[in-house]
Structures are given as C-alpha cells and as structure tokens.
Amino acid sequence: MTRAHPSLLQGLDEAARERLIATSRPRRFRAREIVCHEGDPGDTFHIVMSGRLAVHVTTPLGHSATLALLGPGDTFGELALLDPASLRTATVVALEEAHTLSLTRAQLDELRRHHPHIDRFLTETLAGHVRRLSSMVLEALYLPVDARVARQLARLAGLYPGATGSAEIRLTQDDLAGMAGTTRATTNKVLQELAAQGVLSLSRGRIVVRDRLALDRAGR
C-alpha cells in the first residue's frame, strides 16, 4: 500500500509503530466484499488504510440498518483484542476496494509485552469510539431530524472530498436514514429541501454536496 499511515499510529513511538505495522497483515477487500458478519467470533482488529467500508447492524425488528461509514484512519474490532469471548456486533462490508492492516489477539498480546505504548494506542482508540457513540446518542435524543440528517451528511462529506470543495457521497437514502435514526421518507424530505436551497443535488445512489458551509449551518 502506498497510502501514508493513519494519524492515530503517530501516537506510538517509532519502534512500536514499526513493529505494529510489521506484525500486522495487509488485507485487501473488493467492492461489496464482506469483511466480517455480525455474530462472528471477534478475533481480529483492523486499521483502515484506504477505501470506505459500511457498518451494518440488525435492528430489533430484524431489519438491516447502516450504523456508520469508515474511512482511512478509522478502526474496528478493538473489543476482539481485549475480550476473548467477544462476538462481532456488526457486519462490515467494503463499499469500494479497501485496504486494512489486521492484527489478531495473539499478535497484539505479543506487541504489548514488548511495547507498552500499544496500550495507550488502544485506550485512545476506544476513547474515540466512546466519544462518537455518546455524540450519536445525544443527537438522537435532542436534535431535530433535519439537523441529524445534515450532520450525518457533513460527516460523510469528509469521507468523500472533491477537488473543488464539493463532495460526491455514494450512499443510498436508506443508508443515510439508518445513520440519522429516521425513516427514508423523512430523509428524502430533508434532502429535497436542501436540494431546493442549492446545498446539494441528488441522483440515483449519490448525493453531491455543493455548499459544505451551508450544510454545516443546517446541522446546527
């Protein structure tokens, strides 16, 4: 892989970072390939180096909902390294060709014995997930749905940056609705209003953000 290492690895000292990269296994996933299934044994941790992946969960009614999108620098599977009985809580699928660095629990244990900085790396990674989950809960409880949809779009725009400041988000309205915790019909209504204001344009399976500043304001 030619991509620079994710910024979260910069928190390690040079020796620990080089050992982690050397110990990990480079993985390549084709577009639409499933990385792991919900309910699988959790035995591998991944650092996303390139590409985008979607995190799907099963709702209490048995439907599938998109919980999040992952891009370079994101991670998943941390609990697999810390809890031997851990099961995957979500299905992760590559939306396009993606590359990760993967570590098994045994590999991590060996690294931790020789490089204590690895524990700080794990702590910071888990803390980041807790902050994001707390933010999602607060938004779901206290923000109106139009602001939630706008905020999710603003986050997604950061994963799909364009050369002119625009962003072409390759995601369905059903996926966006799941991430915002609302219905497709409500999501479509919010998107149509934003499109009428010139903030974005819509096409099949794509949302093109034209004015990111206006989108940020809509999410406040």
Would you mind reporting whether Arg151 and Leu143 have side-chain heavy atoms less than 4.5 Å apart?
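With C-beta onward as the side chain, the pair touches.
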Residue pair Leu191 / Leu153, side-chain heavy-atom distance below 4.5 Å:
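The answer is yes; the side chains approach within 4.5 Å.
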So if I apply the salt bridge (charged side-chain N to carboxylate O under 4.0 Å, His left out) rule between Glu96 and each of Arg32, Arg52, Arg28, which one comes out positive?
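The single option meeting the salt bridge (charged side-chain N to carboxylate O under 4.0 Å, His left out) with Glu96 is Arg52.
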Minimum heavy-atom distance [X]-[Y], with the two atoms named:
{"X": "Asp216", "Y": "Ala154", "value": "OD1-CB, 3.5 Å"}
{"X": "Leu69", "Y": "Tyr160", "value": "CD2-OH, 3.8 Å"}
{"X": "Ala65", "Y": "Thr59", "value": "CB-CG2, 3.9 Å"}
{"X": "Val57", "Y": "Thr89", "value": "CG1-O, 3.8 Å"}
{"X": "Val55", "Y": "Ala90", "value": "CG1-CB, 3.4 Å"}
{"X": "Val209", "Y": "Leu200", "value": "CA-CB, 4.1 Å"}

Between the main-chain N or O of [Y] and the side-chain N or O of [X], is there a donor-acceptor pair closer than 3.5 Å?
{"X": "Gln107", "Y": "Thr104", "result": "yes"}
{"X": "Glu168", "Y": "Val208", "result": "no"}
{"X": "Thr44", "Y": "Ser102", "result": "no"}
{"X": "Arg105", "Y": "Gly42", "result": "yes"}
{"X": "Thr186", "Y": "Thr182", "result": "no"}
{"X": "Asp40", "Y": "His37", "result": "yes"}
{"X": "Ser134", "Y": "Val130", "result": "yes"}
{"X": "Asn188", "Y": "Ala185", "result": "no"}

Could you give me the CA-CA distance, side-chain angles and deciding distance for Gln192 and Leu202, then say whether side-chain contact (heavy atoms from CB on, under 4.5 Å) is met?
CA-CA 8 Å; Gln192 294 295 341; Leu202 303 170; 3.6 Å; yes
Between [X] and [Y] (salt bridge meaning N to carboxylate O under 4.0 Å), is one present in this structure?
{"X": "Arg30", "Y": "Glu97", "value": "no"}
{"X": "Arg88", "Y": "Glu38", "value": "no"}
{"X": "Asp174", "Y": "Arg184", "value": "yes"}

Hey, quick one: are [X] and [Y] part of the same hydrophobic cluster, counting side-chain heavy atoms closer than 4.5 Å, chains of contacts allowed?
{"X": "Val48", "Y": "Leu171", "result": "no"}
{"X": "Leu213", "Y": "Val199", "result": "no"}
{"X": "Leu70", "Y": "Leu156", "result": "no"}

Report the C-alpha distance between Met49 and Leu101 in whole Å, list the side-chain angles of each, state the deciding distance to 0.1 Å, and finish with yes or no for side-chain contact (heavy atoms from CB on, under 4.5 Å).
CA-CA 7 Å; Met49 301 299 288; Leu101 294 178; 3.8 Å; yes
Worked check of side-chain contact (heavy atoms from CB on, under 4.5 Å) between Leu95 and Leu53
CA-CA 5 Å; Leu95 297 178; Leu53 306 98; 5.8 Å; no
If you count heavy atoms of other groups shown closer than 6.0 angstrom to CZ of Arg155, is the number above 12?
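Atom CZ in Arg155 is packed in, count exceeds 12.
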Of Val92, Val35, Val93, the residue whose pairing with Phe29 passes side-chain contact (heavy atoms from CB on, under 4.5 Å)
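Among Val92, Val35, Val93, the one that satisfies the side-chain contact (heavy atoms from CB on, under 4.5 Å) with Phe29 is Val35.
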Nearest 0.5 Å, please: how far is [atom2] in [Y] from [atom1] in [X]?
{"X": "Asp175", "Y": "Gln173", "atom1": "CG", "atom2": "CD", "value": "10.5 Å"}
{"X": "Leu194", "Y": "Arg210", "atom1": "CG", "atom2": "CZ", "value": "13.5 Å"}
{"X": "Thr66", "Y": "Leu176", "atom1": "OG1", "atom2": "CG", "value": "9.5 Å"}
{"X": "Met179", "Y": "Thr187", "atom1": "CE", "atom2": "OG1", "value": "11.0 Å"}
{"X": "Phe45", "Y": "Ser24", "atom1": "CZ", "atom2": "OG", "value": "10.0 Å"}
{"X": "Leu108", "Y": "Glu78", "atom1": "CG", "atom2": "CD", "value": "10.5 Å"}

Go through it in stages, so that I can follow the logic: the residues are His99 and Arg27, the test is side-chain contact (heavy atoms from CB on, under 4.5 Å), and I'd like the CA-CA distance, side-chain angles, deciding distance and then a yes or no.
CA-CA 6 Å; His99 296 85; Arg27 300 285 303 277; over 6 Å; no
Let me see the working for His56 and Thr91 under side chain to side chain donor-acceptor pair (under 3.5 Å), right down to the final yes or no.
CA-CA 5 Å; His56 300 301; Thr91 295; over 6 Å; no
Which residues pass the side-chain hydrogen bond (donor to acceptor under 3.5 Å, both in side chains) test with Arg113, sequence neighbours left out?
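Applying side-chain hydrogen bond (donor to acceptor under 3.5 Å, both in side chains) to Arg113 gives Glu110.
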